[in-house]
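Positions are given from 1 along the sequence.
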Amino acid sequence: MKKRQIPHTYVIIFYIILFCAALTWIIPGGQYTESINEAGQKMVVYESIDRVPQTWQVFSAFYKGFVDKADIIVFILIIGGAFWIVNDSKAFDIGTVSFLRRARKMESNPLIRKIGVKNFLLTSIMLLFSIFGAVFGMSEETIAFCLVLVPMAISMGYDSITGVCMMFVAAGLGFAGAILNPFTIGIAQGLAGIPLFSGIEYRLFCWLIINLIGFTWILRYAAKVKKNPKLSPVYEEDQYWRDLHSNTSLDVTYHTPKAAWISFVLLTVAQIVFAVYYPLTTLKIGNSVIEGLPLMPILTVAFIATSVVALRKTVHLYILNLLFFTIFYLITGVMGYGWYIMEIATLFFVLGLAAGIANNRTPNELVKLFLDGCKDIMSAALVVGLAGGIIVILQDGKIIDTILFNLAKGMEGLGQVATVGMMYIIQTLINLVIPSGSAKAALTMPIMTPFSELIGLSKQVTVMAFQFGDGFTNLLTPTSGVLIAVLGVSRIPYDKWFGWAWKFILVMVIVGFLLLIPTVLVPMNGF
């Protein structure tokens, strides 16, 4: 009997596009519009419009999705090319082996030995990314870390799913349990008309619970894969990473070519110029502002000192140092200067060029390496465009607002706990088709907030229902360009990711509902 073949990720997404196109023939068209009442207040009003059935547009959806997700697609190609240049130096392989050797030495600590060195490392990395997700909404930035942490996870005896959990899922859990995330909490509370980042005490508690349950689930899965790697659903796909990083015997020549010093001088001059122009940095952490920090001068001095030490040993250590400072500048740029995908892509592009120059590569060799990296990651870039077509079909078909309107009508006549649960379900379902937190807040909060006031619910409760509903399903929905990009870069087929993730996401969604119940029944600060 012929074994049934699992559809390719592209095929699955195209089927979803066809299904969404069919919905545009069934669901009436509608849209929300803003109007001003007699008191001069803005109101959001739903009105029916002619439906726009989608037919041949299922084929043009790929083009439109490609245009809509162009920033993420270009970002993927740039980091793919840049990391291919960095990987050419074997610095990652040397760094991974050195990291694992040092990790084994940590076993001398009785506490860490009892916990397990690798459990300690996994938890530490996940906690870091969860904090980033909770504080400044890290999401797209995790794409770049796939090329570092997925190979590292496999070198530690785990699989690519564990690698993705270390950064993307961890950041997603932090995003869902947001503490100071300006893109979700900030916008939603602003639209609801309540003090920014109020109710932080209970949200901090929720973040801790979400992380505790999420990390425990991931660590149990990682331990199972560690014990028997063939139990991983992506064992065959991970052969790519095993082959790519199989040469970790440190059979390389430790040296520092003159070109590495040239790379160092060029970067030093550039950083000194930046430090002069931006001597003080203002960090924004949620609604808190920390002014007058000399971060650029500090980073410049630290880079010079550590690079000189690294260059005196080997160029490989210098390239690893470049990677670490790239991450430091990424965090500084995002929190201090409002960087987004363009600036981050530029940062990694410079990393690739600097590493290639340090590795004594000619301009032609750099171009070839960059193109090889782009080719290697092209399928991940293309699938992001295809997934973007799902949203295009729903938007052009004018049915998203109709779905939201009818879901909101279903809340009428329910008790407070049931209403909060229904709000949560609505936000979760809407998140399946609109994964953008800020866009969804702008669409749903003007509708949900007045309704919650009518039945005596706190606006803060409505914000939390939005927050949880916006978070967990980002880790599963195929309309999320970031998820599709992460899976593509990590070479995890969507169907296998879905098969692994759906139970985990279901548990987290239930946890989210349980955490909402006290907001209705128990008096607490900010609610």
Side-chain angles (χ1 to χ4, degrees), residues 3-13 15-16 118-119 122-123 125-126 129-130 133 139 142-143 145-147 149-176 210-242 379-380 383-384 387 428 431-432 435 471-512:
K3 186 178 179 180
R4 187 176 180 182
Q5 190 175 14
I6 298 174
H8 189 279
T9 300
Y10 284 38
V11 176
I12 293 173
I13 293 176
Y15 285 160
I16 296 174
K118 293 187 176 179
N119 282 340
L122 286 180
T123 303
I125 293 171
M126 288 192 293
F129 278 94
S130 180
S139 181
T142 57
I143 300 171
F145 289 96
C146 294
L147 294 173
L149 293 181
V150 168
M152 179 181 290
I154 291 172
S155 298
M156 294 170 69
Y158 301 117
D159 63 351
S160 54
I161 288 179
T162 305
V164 168
C165 288
M166 288 165 66
M167 37 81 187
F168 174 69
V169 173
L173 293 176
F175 197 96
I210 289 169
N211 281 336
L212 178 63
I213 295 173
F215 290 2
T216 300
W217 184 291
I218 293 167
L219 290 174
R220 289 184 62 186
Y221 168 78
K224 182 180 74 171
V225 171
K226 175 74 175 175
K227 188 175 181 180
N228 185 358
K230 291 188 178 180
L231 291 177
S232 168
V234 290
Y235 179 76
E236 295 179 0
E237 286 78 8
D238 286 349
Q239 189 61 43
Y240 168 84
W241 297 109
R242 289 190 287 269
S379 61
V383 76
V384 172
T428 299
N431 197 53
L432 294 174
F472 299 122
T473 48
N474 282 333
L475 306 176
L476 194 66
T477 174
T479 58
S480 170
V482 179
L483 169 64
I484 296 301
V486 165
L487 296 182
V489 173
S490 304
R491 299 180 178 270
I492 300 174
Y494 178 77
D495 61 287
K496 292 194 174 182
W497 174 258
F498 185 91
W500 176 84
W502 75 267
K503 292 180 182 178
F504 173 64
I505 302 304
L506 179 60
V507 168
M508 299 313 302
V509 168
I510 293 172
V511 169

Hey, could you give me the CD1/CG distance between I510 and L506, rounded to the nearest 0.5 Å? 4.5 Å
Considering only distance and modelled atom types, tabulate donor-acceptor pairs under 3.5 Å from the side chains of residues 220-229, sequence neighbours left out.
from	atom 1	to	atom 2	distance (Å)
Y221	OH	D159	OD2	2.4
K226	NZ	M156	O	2.8
N228	OD1	K230	N	3.3

Ignoring hydrogens, what is the shortest heavy-atom contact between R242 and I154? Give both atom names and the distance. CG-CG2, 3.8 Å
Test of understanding: with ring-ring contact (aromatic ring centres under 6.0 Å, His included), list the residues that count as partners of Y10, not counting sequence neighbours. H8
For T142, the side chain to side chain donor-acceptor pair (under 3.5 Å) test, sequence neighbours excluded, returns none
Approximate separation, where rounding is to 0.5 Å, of M166 CE and I161 CD1: 14.0 Å
All ring-ring contact (aromatic ring centres under 6.0 Å, His included) counterparts of F145, not counting sequence neighbours: F129
Supply the atom-to-atom distance S155 OG to L149 CG, rounded to the nearest 0.5 angstrom. 11.0 Å
What pairs with F472 under ring-ring contact (aromatic ring centres under 6.0 Å, His included), at least two apart in sequence or on another chain? none
So, taking the atom named OG in S130 and the one named CE in M167, what distance separates them when rounded to the nearest 0.5 Å? 14.5 Å
CE of M126 to CD1 of I218, rounded to nearest 0.5 Å, is 5.0 Å
Only pairs at least two apart or in different chains count here, so list each salt bridge (Lys or Arg N to Asp or Glu O under 4.0 Å) that has a residue in residues 472-492. D376-R491
Taken in chain and number order and not counting sequence neighbours, the residues that satisfy side chain to side chain donor-acceptor pair (under 3.5 Å) with S480 are none
With sequence neighbours excluded, tell me which residues meet side chain to side chain donor-acceptor pair (under 3.5 Å) with N431. K440, T473, N474
Work out which heavy atom in L476 is nearest to a heavy atom in Y494; give both atom names and the distance. O-OH, 2.6 Å
The reported gap from CH2 in W502 to CG in L475 (rounded to nearest 0.5 angstrom) is 16.0 Å
Of all heavy-atom pairs linking S490 and S160, the shortest is O-CB, 4.0 Å
Tell me, please, which residues at least two apart from T428 pass side chain to side chain donor-acceptor pair (under 3.5 Å). none
